[in-house]
Protein chains: 2
Amino acid sequence: MAKTGDRARTAAAPALSSLDFALDRASPVPLYYQLAQQLEAAIEHGVLAPGNLLGNEVDLSVRLGLSRPTVRQAIQSLVDKGLLVRRRGVGTQVVHSQVKRPLELSSLYDDLEEAGQGPTTQVVRHEVVPASCDVAAALGVAEGSEVTVLDRLRCTHGQPVALLCNYLPASLLDLDDARLESTGLYRMMRSAGITLHSARQRVSARAATAEEGARLDEEEGAALLTMQRTAYDDTGRPVEYGTHIYRASRYTFDFQLLVRP
Amino acid sequence: MAKTGDRARTAAAPALSSLDFALDRASPVPLYYQLAQQLEAAIEHGVLAPGNLLGNEVDLSVRLGLSRPTVRQAIQSLVDKGLLVRRRGVGTQVVHSQVKRPLELSSLYDDLEEAGQGPTTQVVRHEVVPASCDVAAALGVAEGSEVTVLDRLRCTHGQPVALLCNYLPASLLDLDDARLESTGLYRMMRSAGITLHSARQRVSARAATAEEGARLDEEEGAALLTMQRTAYDDTGRPVEYGTHIYRASRYTFDFQLLVRP
DNA sequence: CAGTGGTCTAGACCACTGT
DNA sequence: CAGTGGTCTAGACCACTGA
């Protein structure tokens, strides 16, 4: 096989062979990462056949002048992202369209990464108070110890969308209202050297109280989407606890799940 | 350093040195996986210090008679699960409690893996119909082509919890009501050779209609949690589209997010 | 400075798939 | 059967951390 003009190949595979990857060994960026980025870009731009094979790893490593483990590491990272699928005895394929974009762009992720980014956010309340029982439990601090409480109103297109109430250990961070409104809470934490590791979320729904209705421009009794979240440090220490209330008429959680093999 | 009785070490590290891992080279289970499982078990049972170091990779590989990449692969898989954290120049630590269990046990994951498992599920409707416009779009089939529609009522403790409405390409699968009620949809798909790869979800809320209220034993206008999901094959082909409605008073989505490094 | 994880190499054998 | 990915080895050098 693999004579000059094999039809089954030419239909889908020329993409990869004609692609040239620019690997810079002097760069501090790891080789496997450079390769992964360029493969991802090729997939994103549709240069790489969606659904068809991606040439075997050995050839690829020879062609690129890399070792096979390095190539595998690059491919594996894209498999983990859900962009590629490997089949033993068959090959590596690009996953069919549709499953590409929203992998990292779910609104949940947005909330984590760039809370307060796109839309406007207004700080309604910002003070240090003694921790109530449930807040203390969520943050893993003593009841009555100082915590920062933060109430924010988020709007898009001039319309209220959500009421965000957050608690943080007071010792953790200095918060500046102006930066909070422009930069967002998670960005501020990140630039303060706090690396987020995981978060626990609970999503439910309930009817709006009269006050919530007034603040969110909904009728009393309207359906609201609620979310409670506790976010953890990479040491497992809780760094934030929040209760968010969204107008169901103007907000949905969109996200993508990857099923572990 | 590392003299006989170093205090800083003895406080946390004896766990690992006294652990003996049983690696079976004859087993078809990969060595890295055997090691990962046993490390995970040690963490789960609290044998391994939460928050403290886990000895360096080189020593570990020598002690186990494995190569370092193999040991790294085991450790990496636990890092990906969020159980361990690596710090360059420092070491590998067990993440502090709290962030362990619910990683794979979120109710979202449950829904995916074992829909219809714990609680009882009753098939209310099960027929083949021509695809409506939105269903056809979600499943990537032609409008009017045959799809299986499935309405189920899920209960726990004798109380209704959710109305599940699902659509599948009719050609995909033979569904048996009895097995559906006992085994669950996703298990049936799996045993039919369909390997799930990813799913897209949209969660929101709205007020119950009179009919929904009657079926779910809620008042008309009560807040309901809604979820739409499209699940994809590992080729990216949509294999299921569903609309689920939950009683917010009896159901919440609980899940854990991991922040990619 | 010594110790750690992060990256990389150049091989090897095996298990599985499809023809 | 040939071709693929899956696993594994035994080294190497580097970048970073903390004392």
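Nucleotide C/dA2: paired with D/dT17 (Watson-Crick or G-U wobble, both distances less than 3.5 Å). Base pairing of C/dT7: its partner is D/dA12, meeting the Watson-Crick or G-U wobble criterion (both donor-acceptor distances under 3.5 Å).
Not one side-chain nitrogen or oxygen of A/Tyr32 sits closer than 4.0 Å to the OP1 or OP2 atom of C/dC8. Under 4.0 angstrom from either OP1 or OP2 of D/dT4 there lies no side-chain N or O belonging to A/Thr92. Side-chain N/O atoms of B/Ser67 include none lying less than 4.0 angstrom from OP1 or OP2 on D/dG11. OP1 or OP2 of C/dT9 sits under 4.0 Å from a side-chain N or O of A/Arg25. For A/Arg87 and C/dC16, the shortest distance from a side-chain N or O to OP1 or OP2 is not below 4.0 Å. Listed pair A/Asn56 / D/dG3 fails the phosphate criterion, with no side-chain N or O lying under 4.0 Å from OP1 or OP2.
Screening B/Tyr186, B/Tyr232, B/Tyr167 for a side-chain hydrogen bond (donor to acceptor under 3.5 Å, both in side chains) with B/Glu240, the sole residue that qualifies is B/Tyr186.
Atom CG of A/Leu60 is separated from atom P of D/dG3 by 17 Å (rounded to the nearest Å). Here the P atom of nucleotide C/dG3 and the CD atom of B/Glu57 are 16 Å apart, to the nearest Å. For the pair B/Ile75 CD1 and C/dG5 P, the computed distance is 7 Å after rounding to whole Å. Atom CD of B/Gln93 is separated from atom P of C/dT4 by 14 Å (rounded to the nearest Å). To the nearest angstrom, C1' of C/dA15 lies 15 Å from CZ of A/Arg86. Rounded to whole angstrom, the span from the CG atom of A/Asp80 across to the P atom of D/dG6 amounts to 12 Å. Whole-Å rounding puts the B/Leu31 CG to D/dT9 C1' distance at 11 Å. Taking atom CG of A/Leu64 as the reference point, atom P of C/dA10 lies 13 Å away to the nearest angstrom.
With contacts defined as side-chain heavy-atom distances shorter than 4.5 Å, the pair A/Leu139/A/Val239 does not qualify. Residues A/Leu172 and A/Ile194 meet the side-chain proximity criterion, which asks for heavy atoms closer than 4.5 Å. Under the 4.5 Å side-chain criterion, counting only non-hydrogen atoms from C-beta, A/Leu31 is not in contact with A/Leu35.
Of the two residues contacting DNA chain C, namely A/Val90 and A/Leu66, the nearest-nucleotide position lying further toward the 5' end is that of A/Leu66. Nucleotides of DNA chain D nearest to A/Pro69 and A/Gly89 differ in position, and the one nearer the 5' end is that of A/Gly89.
The existence of a salt bridge linking B/Arg200 and A/Asp254 is excluded, since no basic side-chain nitrogen approaches an acidic carboxylate oxygen closer than 4.0 Å.
Comparing C/dT9, C/dT7, D/dT7 by their closest approach to the side chain of B/Pro30 singles out D/dT7. Candidate nucleotides D/dG5, C/dG6, C/dC8 were compared by shortest atom distance to the side chain of A/Thr70, and C/dC8 ranks first. The listed nucleotides are D/dT7, C/dT7, C/dG6; the one nearest the side chain of A/Gln73 is C/dT7.
In this model, a side-chain donor or acceptor of B/Arg68 finds a partner on the base of C/dG6 within 3.5 Å.
Judged by distance alone, the side chains of A/Arg86 and A/Gln76 do bring a donor and an acceptor atom under 3.5 Å apart.
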